[in-house]
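Report on the following structure.
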There are 2 protein chains.
Amino acid sequence: MNDLKQYADVYYADCPVRRALDRIGDKWTVLLIGMLEEGPRRFSDLRRGVGGISQKMLTQTLRSLERDGLISRTLYAEVPPRVEYALTPLGETLCEPISAVVRWTEAHIGEVMAAQAAYDHRAQVKTTPIDGA
Amino acid sequence: MNDLKQYADVYYADCPVRRALDRIGDKWTVLLIGMLEEGPRRFSDLRRGVGGISQKMLTQTLRSLERDGLISRTLYAEVPPRVEYALTPLGETLCEPISAVVRWTEAHIGEVMAAQAAYDHRAQVKTTPIDGA
DNA sequence: CGCAATAGTCACTATAAGAGAGTTGGTCTA
DNA sequence: TAGACCAACTCTCTTATAGTGACTATTGCG
């Protein structure tokens, strides 16, 4: 009940907490926050550091995080362009909750994968043609 | 450094932890885990409880969670069909990390929204035509 | 018979992500 | 001089996923 009360708002589609949560749980957000936890980084650093992220998704996610006040973007008057991204104090408070989820996943990945294999096996068995039945 | 070591694998695009994390951070997953924390639920209950989720996304997410071993699906031999979804013991261990993220978001939503307003205001000022400059 | 219940499935549309090339201004080298 | 390089994006088109809303199957009831 106490927990349900806690979640009451996020169950409404238009809840601002819901909107914020959607972005915080976003796959790129999780990785970028984790990386910036180590200290300020430049765009290309982040791009190289997060395997599989496109320039577009990186830009988009960084802008979103900046807008949410979780990271700061420092533009230096240089050529080639130099831009640094860093966690804000607010952003730093998010590190621990996100880390907890990542740690959970790392700790339980074996069980998850075993469950997947078992599920897939059950699915395969169910679709096997029945000869002689 | 210790944290970076912790994250080393998730920064590779093909890392299984990454894949699992993507689904765990998914917006519907977060909400459904939270709801099932209160006890077993039926499909229609879940649909009504999570504002904005379509039948399709609900089905898809539930299947995915079941495959990951986080929830169980119990089919009763009844008509109309009766199916119950419940957290598995593994799924229950995920509640706390997910709750932590939700609680963080609820606690800081004011700051996030203020940051967004400020960001939008800065963006608007920057695009205002300069007359007489 | 028509309607209700439940848990989906299905086909099409809309939206977001992905892919990869282009842009800007300065510096350096052949 | 032309071309290449640098970094942080922007842009356009393609692909993938989410969203929309109707349909499905079975039984029971009025």
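FYI, side chains are in, hydrogens and waters are out, and symmetry mates aren't considered; it's all heavy atoms of this structure. Chain identifiers are assigned alphabetically (A, B, ...) following the order of the sequence lines, protein sequences preceding nucleic acid strands; residue numbering begins at 1 within each chain.
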For B:Met113, does the CE atom have more than 12 heavy-atom neighbours from other residues, nucleotides or ligands under 6.0 Å away?
->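 No.
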Short side-chain N/O contact from [X] to OP1 or OP2 of [N], under 4.0 Å:
| X | N | result |
| --- | --- | --- |
| B:Arg63 | C:dG8 | yes |
| B:Arg42 | C:dA7 | yes |
| B:Arg73 | C:dG8 | yes |

Rounded to whole Å, please give me the gap between [atom1] in [X] and [atom2] in [N].
| X | N | atom1 | atom2 | result |
| --- | --- | --- | --- | --- |
| A:Glu78 | C:dT27 | CD | C1' | 13 Å |
| A:Leu62 | D:dT10 | CG | C1' | 15 Å |
| B:Leu58 | D:dT20 | CG | P | 14 Å |
| A:Arg41 | D:dA8 | CZ | P | 12 Å |
| B:Arg23 | D:dA18 | CZ | P | 12 Å |
| A:Asp22 | D:dA18 | CG | C1' | 13 Å |
| B:Tyr85 | C:dA7 | OH | P | 8 Å |
| A:Asp45 | D:dA8 | CG | P | 8 Å |

Reading nucleotides 11-21 of chain C from 5' to 3' and marking B where a protein heavy atom lies under 4.0 Å of the base, S where only the sugar-phosphate is that close, and - otherwise, the string is ------BBB-B
Salt bridge or not for A:Lys27 and B:Asp26, using N-O below 4.0 Å?
->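 Here A:Lys27 does not pair with B:Asp26 in a salt bridge, since their nearest N and O are not under 4.0 Å apart.
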Carboxylate-amine/guanidinium contact B:Glu106 B:Arg103, below 4.0 Å =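 Answer for the salt bridge query: no.
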Nearest nucleotide by nearest heavy atom, which residue falls closer to the 5' end of DNA chain C, A:Pro80 or B:Ser44?
->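 The answer here is B:Ser44.
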Under 4.0 Å between any heavy atoms, over every strand shown, what does A:Tyr76 touch: base, sugar-phosphate, or nothing? Just pick one.
->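 No contact.
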Hey, can you pull the donor-acceptor pairs under 3.5 Å for the side chains in residues 44-51 of chain B, sequence neighbours left out?
{"residue": "B:Asp45", "atom": "OD1", "partner": "B:Arg48", "partner atom": "NH2", "Å": "3.1"}
{"residue": "B:Arg47", "atom": "NE", "partner": "B:Ile53", "partner atom": "O", "Å": "2.9"}

Could you check if a side-chain atom of A:Ile24 sits within less than 4.5 angstrom of a side-chain atom of B:Val101, using non-hydrogen atoms only?
->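 Touching, per the 4.5 Å side-chain cut-off.
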Would you say A:Tyr11's side chain and B:Leu31's backbone share a donor-acceptor pair under 3.5 angstrom?
->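 At least one qualifying donor-acceptor pair exists.
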Whether B:Thr59 side chain and B:Gln55 backbone form a donor-acceptor pair below 3.5 Å =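 Checked: pair present.
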Taking the side chain of B:Phe43 as its heavy atoms from C-beta onward, which of C:dG25, D:dT27, C:dG8 lies nearest to it?
->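 Nearest listed nucleotide: C:dG8.
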